[in-house]
Amino acid sequence: MDRLASFGNDPFDKPPCRGCSSYLIEPYIKCAECGPSPFLLCLQCFTRGFEYKKHESDHKYEIMTSDFPVLEPGWTAQEEMALLEAVMDCGFGNWQDVAYQMRTKTKEECENHYMKNFINNPLFSSTLLSLRKTKDSRFAAEGAIPFKPTDDPPRPTFDSVLSRDMAGYMPARADFMEEFDNYAEWDLKDIDFVDDDSDILHALKLAVVDIYHSRLKERQRRKKRFARVVGPTEHDKFIESHALEFELRKEIRRLQDYRKAGIKSFCSTKVYERMKRMREDERRKRTMLCDVLQYIQDGRACQQWLSKQAAIDAGITPAVTTITVSGRRSAPPLNLTGLPGTEKLNEREKELCQVVRLVPGAYLEYKQALLNECRRQGGLRLAQARALIKIDVNKTRKIYDFLIKEGYITKA
């Protein structure tokens with residue numbers, strides 16, 4: 001039995017368990033005989049001897065975990081990966097935030113370990129030196145142009161297509177500077193409002209949201225530096241001057257576009273704008289067939305599109321409607337033929353497994369677990385069902401609603 005490390009600590013980066021389809025949590029089991037695709041099992045499925053197709057319970061296996069030291073005692077492989085990710089996210093030298101993101105080591109421990117093992121380690125010096133020589137020789141061969149830090153970085157034209165594609169980001173504008181109270185969202189990321197929350201829990205969640213809003217207000221207040229050194233009247237004038245400058249720049253760009261089109265008088269601009277609208281209308285009509293082919297498979301979207309076209313032809317401004325067309329096909333129903341446990345399901349349960357795309361064996365386990373918990377407590381809530389079976393929350397809700405509708409369990 002080998003003891004191997006996994007390549008990541010995020011369960012979403014690994015395939016699900018082949019037995020129960022749940023996300024794998026270390027340590028988990030990898031079959032050493034099945035392949036080439038890895039056959040992974042959680043500890044629960046491994047202990048009960050799960051078998052599927054060519055996989056048998058007596059196969060050799062490997063324990064996948066990262067809870068072992070790599071460079072020095074006291075630092076596991078998982079912590080080494082977390083340290084490298086934290087330095088990449090927070091920046092080299094920002095040890096306070098690195099320690100805050102790791103949560104298991106202090107600021108001094110992170111700094112000393114990183115400097116000792118990744119900066120001043122003699123084993124890495126020769127490798128880094130050879131990489132630096134290779135990099136310098138490649139740049140010399142390509143004839144790279146040196147960039148001086150004092151040079152103004154290249155910027156796209158204001159309000160150009162490139163600037164809009166970049167979502168307004170401009171180099172050297174400090175878009176990626178740390179915000180005040182930079183980790184304010186951390187306390188909010190795990191909050192989930194569900195229907196069966198108690199009144200006290202619901203009130204506590206609302207209080208956390210209110211605290212987060214107050215922290216956002218303080219963050220915005222600190223950005224308005226001019227408002228703290230000038231009076232309200234002067235600050236309003238300052239903001240109005242910026243708005244006026246933006247409008248003037250916009251008008252200048254419009255006049256420059258007219259000049260590029262060869263227009264030299266304001267009378268000609270009206271004719272130009274009218275002809276431009278006519279060209280756009282003709283272009284929209286030419287793309288009518290593409291729109292029909294796009295929406296014809298969706299009855300509701302097709303009806304909305306036809307109503308919009310009728311309003312345009314009648315000279316009426318159409319109402320703004322949102323036509324949702326999914327760019328991704330929905331997954332087909334799961335084929336249960338040959339899957340173990342299918343013969344134990346009735347027709348309604350088979351239909352549920354096909355729609356939810358859940359293997360019958362896993363469904364029977366989830367069903368039995370929910371039935372046992374419901375008998376023990378005299379009822380079951382959705383939040384308790386989610387805590388009991390660790391799968392997608394939407395699948396859990398569908399299974400929970402189905403069992404209540406069929407009378408297998410009762411709602412607490």
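Quick caveat: nothing in here was measured; it's all calculated off a predicted structure.
Going from atom CD1 of I211 over to atom CG of L206 covers 11.0 Å, rounded to the nearest 0.5 Å. Between atom CG of residue L83 and atom CE of residue M88 there is a gap of 11.0 Å, rounded to the nearest 0.5 Å. For the atom pair E251 CD and E247 CD, the distance stands at 9.0 Å (nearest 0.5 Å). Going from atom CG of D181 over to atom CG of L216 covers 9.0 Å, rounded to the nearest 0.5 Å. Note that CZ of F46 is 4.0 Å distant from OH of Y61, once rounded to the nearest 0.5 Å. Taken to the nearest 0.5 Å, the CG atom of L380 stands 5.5 Å off from the OH atom of Y400.
For residues 368-383, the set of pairs meeting the salt bridge (charged side-chain N to carboxylate O under 4.0 Å, His left out) definition, not counting sequence neighbours, comprises E373-R376.
A salt bridge between K237 and E234 is absent, with no side-chain N of the basic residue lying under 4.0 Å from a carboxylate O of the acidic one. A salt bridge is defined here as a Lys NZ or Arg NE, NH1 or NH2 lying under 4.0 Å from an Asp or Glu carboxylate O, and K107 with E111 fails to meet this definition. The pair E185-R219 counts as a salt bridge, with a side-chain nitrogen and a carboxylate oxygen less than 4.0 angstrom apart. Under the 4.0 Å criterion applied to side-chain N and carboxylate O atoms, R215 and D187 are assigned as salt-bridge partners.
A donor-acceptor pair under 3.5 Å is absent between the side-chain atoms of K54 and the main chain of C34, judged by distance alone. Y366 places no side-chain N or O within 3.5 Å of a backbone atom of T396 that could act as its donor or acceptor partner. Side chain of Q354 to backbone of P333: no donor-acceptor contact under 3.5 angstrom is found. The main-chain N or O of R279 is never found under 3.5 Å from a side-chain atom of E282 such that the two would form a donor-acceptor pair.
D97 and Q101 share no donor-acceptor pair across their side chains, judged by distance under 3.5 Å alone. Checking Y258 against E273 by side-chain atom types alone, a donor-acceptor pair falls below 3.5 Å. Inspection of the Q44 and E365 side chains reveals no N or O donor paired with an N or O acceptor under 3.5 Å.
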**OP:** Take W186 and Y212 through the ring pair (Phe, Tyr, Trp, His ring centres under 6.0 Å) test and state the conclusion after the steps.
**Re:** CA-CA 10 Å; W186 280 38; Y212 172 69; over 10 Å; no
Original post:
Please walk me through it: do R397 and R386 pass side-chain contact (heavy atoms from CB on, under 4.5 Å)?
Top reply: CA-CA 8 Å; R397 176 180 286 276; R386 287 176 175 172; 3.5 Å; yes
**OP:** List the steps, then state whether side-chain contact (heavy atoms from CB on, under 4.5 Å) holds for L41 with H55.
**Re:** CA-CA 11 Å; L41 291 174; H55 174 73; 3.8 Å; yes
**OP:** Assess whether ring pair (Phe, Tyr, Trp, His ring centres under 6.0 Å) is satisfied between F238 and H242, documenting all intermediate values.
**Re:** CA-CA 7 Å; F238 177 75; H242 274 280; 4.6 Å; yes
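Using cut-offs of 30° and 60° for the angle between ring planes, the F50 and F39 rings count as parallel. H113 and W75 have parallel rings, their planes meeting at less than 30° on a 0 to 90° scale where 60° marks the start of perpendicular. Relative orientation of the F92 and W95 rings is perpendicular, given thresholds of 30° and 60° on the angle between their planes.
Scanning for salt bridge (charged side-chain N to carboxylate O under 4.0 Å, His left out) contacts around E349 gives K367, with sequence neighbours left out. Shown here are the ring-ring contact (aromatic ring centres under 6.0 Å, His included) partners of H202, two or more places apart in sequence or in another chain: F193.
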